[in-house]
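Presented below is the structure to which this report refers.
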Amino acid sequence: KLSQTPQVQVGKMQQALGWQVRPFKESNSLIKDTKAINIKPAHYTLLPREAQRFNPNALIEKTGGANGFRAYIALIPNSQSGVVIITNRFVDSEPLVSTARTLLFKAN
């Protein structure tokens, strides 16, 4: 849980230790908003200590890639559900995120 506890706010997303944490009220907003996080330096705000709490109802996700490979993992701890997509080809992350979120939220 510590690595998935948000430390900073970056736009609508919170950033934990390596994980992107997206609190949500409606899954539809996350299915439609599948743009990858901008890789460039982004403005962030340090969350106050009292706001740095593990949220089991948030979407916790991580994308990654290397030369010739791409991966995405997402989970919602409270629903005990998650999805992993691994490819043997480097592709844009948006189709992976969109597919995974659709599967994840339709299962809940």
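Along the sequence shown, the residues carry numbers beginning at 1. Computed from heavy atoms alone, side chains included, the values below leave out hydrogens, waters and symmetry copies.
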Could you give the distance from [atom1] ([X]) to [atom2] ([Y]), rounded to the nearest 0.5 Å?
X	Y	atom1	atom2	answer
F90	N67	CZ	CG	9.0 Å
F24	R101	CZ	CZ	10.5 Å
F69	N88	CZ	CG	7.0 Å
Y72	T63	OH	OG1	8.0 Å
Q4	L75	CD	CG	6.0 Å

Are any non-hydrogen side-chain atoms of Q7 and Q52 less than 4.5 angstrom apart?
yes
Is any side-chain heavy atom of W19 less than 4.5 Å from a side-chain heavy atom of T5?
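They are not in contact (no side-chain heavy atoms under 4.5 Å apart), so the answer is no.
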Decide yes or no on side-chain contact (heavy atoms from CB on, under 4.5 Å) for I76 and I60, but give the supporting numbers first.
CA-CA 6 Å; I76 302 172; I60 300 172; over 6 Å; no
Minimal non-hydrogen separation, [X] against [Y], with atom names:
X	Y	value
E61	V97	OE1-CG1, 4.4 Å
S3	A16	O-CB, 3.1 Å
N57	N55	N-OD1, 2.9 Å
P23	Q14	CG-OE1, 3.8 Å
A58	P77	O-CD, 3.7 Å

Side chains of Q9 and Y44: donor-acceptor distance under 3.5 Å anywhere?
no
Measure from the side-chain N and O atoms of [X] to the backbone N and O of [Y], and report whether any donor-acceptor pair falls under 3.5 Å.
X	Y	answer
R22	L59	no
T102	S98	yes
Q15	M13	no
T99	L96	no

Going hydrophobic residue to hydrophobic residue with side-chain gaps under 4.5 angstrom, can you get from L17 over to V8?
no
Starting from I73, can I reach V83 by hopping between I/L/V/M/F/W/Y residues whose side chains sit under 4.5 Å apart?
no
